[in-house]
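Worksheet: one structure, shown below.
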Amino acid sequence: MNELVPTHETGPASLAEPIWKIRWKLTRRSLRQNWEIFKESRIGMLGIILIIAFGIFGAMWPIMINTVWDPMVYDPVVGFDPMMMHPSPPSGTHLLGTDPIGRDILAQLMHSTGREFLLGVLSALITVVIGTAVGTAAAYYGGLIDTFFMRIADIILLFPFIPLLVVVGAMVKLSFLPFAIIMGVLGGFGGITIILKAQALSVSVRPYIDAARVAGGSNFHIIVSHIIPNVLPLSFLYMMFSVTSAILSEATLSFFGVLNIDMSWGMMIHTADVAGYLFDFARYWWLWAPAGLAITLFCAAFYMVGRGLDEVVNPRLRKR
Amino acid sequence: MALPAATESKDVILEVSNLSKYYPVNQGFFTRQKSLLHAVDNVSFQVNRGEVLGLVGESGCGKTTTGRLIVRLATPTSGRILIEDTDVAEIKGQDMMEFRQKVQMIFQDPYESLDPRMTIFDIVAEPLNVNGIGTFEEREAQVEEMLSLVGLAPPSAFLFRFPHELSGGQRQRVAIARALVVRPSFVVADEPTSMLDVSIRTGIMKLMAQLREDLGISYLYITHDLAVARYLCDRIAVMYLGKIVELGNSEDIVKRPLHPYTKALISAVPVPDPAIDRPLPNIKGGVSKPIDPKPRCRFYDRCPESADSCAEAENPELRDIGGGHLVACHLL
Amino acid sequence: MDTLLRLEDLTMHYKTKAGWVQAIDNVSFSLHRGQSLGLVGESGCGKTSVAMSIMRLLPYNAKLVKGRVLFGGHDLYTLSDEEVRQLRWKEVAMIFQAAMNSLNPVYSVGNQIVEAIVTHEPETGEDEARERVKSLFELVGIPKERMDHYPHEYSGGMKQRAVIAMALACNPSLIIADEPTTALDVIVQDKILREIEEIRRTINMSMIYISHDVSVIAEVSDIVGVMYAGRLLELGPADDVFKRPKNPYTYSLMNAYPSILGEKHDLVTIPGEPPNLLDPPTGCRFHPRCDWATKECREVEPAWREITKGHYLACHNPVRTEHGTAHNKTARRAPGKGGDGIGTSGGN
């Protein structure tokens, strides 16, 4: 192996810059290029704008409660405005009105935004990490591992988990964090595994995988350096769709009141429902419309970003 | 199968004996009966140190499978592959690392054999990285040296580009650099020029010839193109339906083909001269697949010269008919 | 002779995000009835675009900048869409690249051809069309009892034959074959080319072959046109062009590939890579890769002129050597010019 010591005649190897700096520049450039493609997608841009808007909206909560709003009145859970009858329609002091027990709707909406982000992103992250790992392993190793994970995915896909959680929730009330984790894990072993496995399978039969094997790469090296990087764009895309499904599940279960969450968009509608105001929904619109709209727009925003990313990830979809 | 005699006298780098690879295939949708596709069937040959052996045949003749068996991308059904006297099938653990440095492969499609998410530097350095060779600076020097050796100069202009930013010819040069960066002694080249344009192809062919001179590499050069094989190879083995039907010096094969299949193959190659009127290739029918083949000569059904005795006889074995020219035919 | 097809200064550009791609630039030639023309060039040289222009099957982002395509005296680009549709298949048919994959897997091969006939010639009855398909199958060498088989039951060569039968179905006077045998093995390729040529001679049809393979073109063409970077560099009778190539590119292309005949000879390397047609080189488009290039070549676009009867050339500095002695030139080449020449760096 002595001949492998550099026999360089043009002097010692010299990169103009340290390698990490070059890699960082390359990453930035590729992000910029992808952003250029993403920008072309109107629906994707609309999604981004909506997410930013929700972000600002959510970030305003700590500012408002610490400066403008009196916590006694505006606290989303224990606040109460003694100056008026409840539920009160939108007015100068309560821009979106109050709920049946005298809490400010706008404050509740703002307070919940941050948690919805946390819930959605956390569970989507868990989903994608599990989905990518399981999908790649199933594709690469095949055989028993593949069969095992695919059957689990089938079970999760076919089993009605939301109704089950409603039933289970009647006995054990899940709090926020365990719920996010359960949603993430269910998603990760469910449908996304099948999609990511298909992608990993198509990557793993490419000649460059053979080339890596001939180069001497171990299974671990091939999975980590070749298959996962080529599956990740799709994982990232499905992460957006996972956010949507996590938020929707949370809203559904909160509406049934089976989650141990003090406040969320689903909870707001639940409150209106248990107090009986949804029977006259047109008159008491402010009790359900803001939260409903927020859920819809929030889910739509991530879905739209996913659609935009789809054009980055699948060049075939691009408009020429 | 008797191996040709002169095995010991020359320095043999690759010795393949009685190599077979069968793939199970499902014949019908409802039948459970398994058939076997004889992709490579009882093939024996050897490559001497510093030599280029061409493996020529039509698509589906088993030439690529043979190459994949040699680099251990597939495991043989039976038979033995010795590379520098090491049995490829028995390499394990640490020895595998050494094997991967000794034996490399260049793939056909330069658009598919480079990971689109890696830079040229990472691609060429990969064999060094995974085998833990050298420090980062040493690897970098190796990569730069290899890139200029394959004609990608100056290397700094290519190091941090991605495969999609390069042309087909440049990509194939990168693929060659990756295969050669560990200084292998034996390389399997699977049609490295067939996907390239004519003007680029010549450059790659010359490069392969040049690198053989400079680095003393032995090649197994897999191709469907006899003219390319003639240009690059010392000897040519012609494969038909999983069997070698003829093997000999390139000029002998091209100028004095003896097997009826080789004759037909050569007469079918178009020539760039309108004045030449080629004779009609003497061959019947089309290629079938070697699924559960009869034990007789594989070429029997298409052979223009077949005798009645061929129908009954076992498949002919390669025989030396003098001067290292081997033919598998009953009629010679 | 009777001129069937005539291209006059055809210039066609594609609009892309990065700008206008000058895909075809001033291409002129004419083709007589019963003649075969071979267009040879590397990928991206515009040969397929020329074929598509003749079929008037251009993509939406293509723009005919100037020039005319005259087919049987009609300017194709002044006809209505309906009139062009009438011409296609009945007058001009095309065999596409990788045509084997253009058969619809859910219909039997015979039915697809019957369908094509009935669509283009509504006056033909289905039974009559079936009869015609039978004789077409005989012509291209497929047993006629295989008419009702599906594409997946055909081998690659048979599918290609079926596609040729489909192109012949409406008795066109011109067939354009774009790389008709590229995906096939040599023995099948040889058979199919021979069959096409025989049919062409029998029914006195014109043919345009498009290929990257000089040898294939040499075998089947009466006239050869060499394209590079959107331009025709040389066009003339096949014997003439192959014996006495005048353009350095033609010359290099013919000697770039090893031959199975004669003695083993040194190969000519063409340094560099084809240009980007968004911004093609000035003057002659081949000059950056040409060993013979002069100042004039770099600055002035060479005119398309007739040098001997029927032999056209665009070059300021033609090759003067004869084909046989031409290899001397190889030895005198400067070694390792540009990125694609080897020899720039020695071994270690």
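Below, read A as the first sequence line, B as the second, and so on, with proteins coming before strands; counting in each chain starts at 1.
For the residue pair B:T193 / B:Q172, no side-chain donor-acceptor distance below 3.5 Å is found, with atom types taken as modelled. With 3.5 Å as the limit, one finds no donor-acceptor pair spanning the side chains of B:T77 and B:S20.
For B:M105, the parts lying under 4.5 angstrom from a heavy atom of chain A are both the backbone and the side chain. The contact between B:V103 and chain A is made entirely by backbone atoms, counting heavy-atom distances below 4.5 Å. Heavy atoms of B:F136 lying under 4.5 Å from chain A belong exclusively to its side chain. Only the backbone of A:S225 has a heavy atom closer than 4.5 Å to any heavy atom of chain B. For B:L114, the part lying under 4.5 angstrom from a heavy atom of chain A is the backbone only. Within the 4.5 angstrom heavy-atom criterion, only side-chain atoms of B:F107, from C-beta onward, approach chain A. Neither the backbone nor the side chain of B:I106 comes within contact range of chain A, judged by heavy atoms closer than 4.5 Å. Contacts of B:D122 with chain A are made by side-chain atoms alone, with heavy-atom separations under 4.5 Å and no backbone atom involved. Within the 4.5 angstrom heavy-atom criterion, atoms from both the backbone and the side chain of A:H226 approach chain B.
A salt bridge links A:D146 with A:K197; the closest basic N to acidic carboxylate O contact falls under 4.0 Å. Here B:E145 does not pair with B:R139 in a salt bridge; the nearest charged N to carboxylate O distance is not below 4.0 Å. Look at A:R151 and A:D154 and you find a salt bridge, because one of the NZ, NE, NH1 or NH2 atoms lies within 4.0 Å of a carboxylate O, short of that distance.
Residues meeting the salt bridge (Lys or Arg N to Asp or Glu O under 4.0 Å) test with A:K21, sequence neighbours left out: none.
Judged as a salt bridge (Lys or Arg N to Asp or Glu O under 4.0 Å), the pairs with a partner in residues 157-170 of chain B (not counting sequence neighbours) are, in order, A:R29-B:E165. Within the structure, salt bridge (Lys or Arg N to Asp or Glu O under 4.0 Å) contacts touching residues 218-233 of chain A (residues at least two apart or in different chains) do not occur.
In this pair, B:F160 and B:F121 present their aromatic rings tilted. The plane angle is within the 30 to 60° band.
Summarising the geometry, atom CD belonging to B:Q46 is positioned 12.5 Å from atom OG belonging to B:S218; distances are rounded to the nearest 0.5 Å.
For residues 57-72 of chain B, the interface with chain A (any heavy-atom pair closer than 4.5 Å) comprises B:R68, B:V71, sorted by residue number.
Listed options B:T119, B:D115, B:V130 were ranked by heavy-atom pairs under 4.5 angstrom with chain A; first place goes to B:D115.
Side chain of A:Q199 to backbone of A:N230: a donor-acceptor contact under 3.5 angstrom is found.
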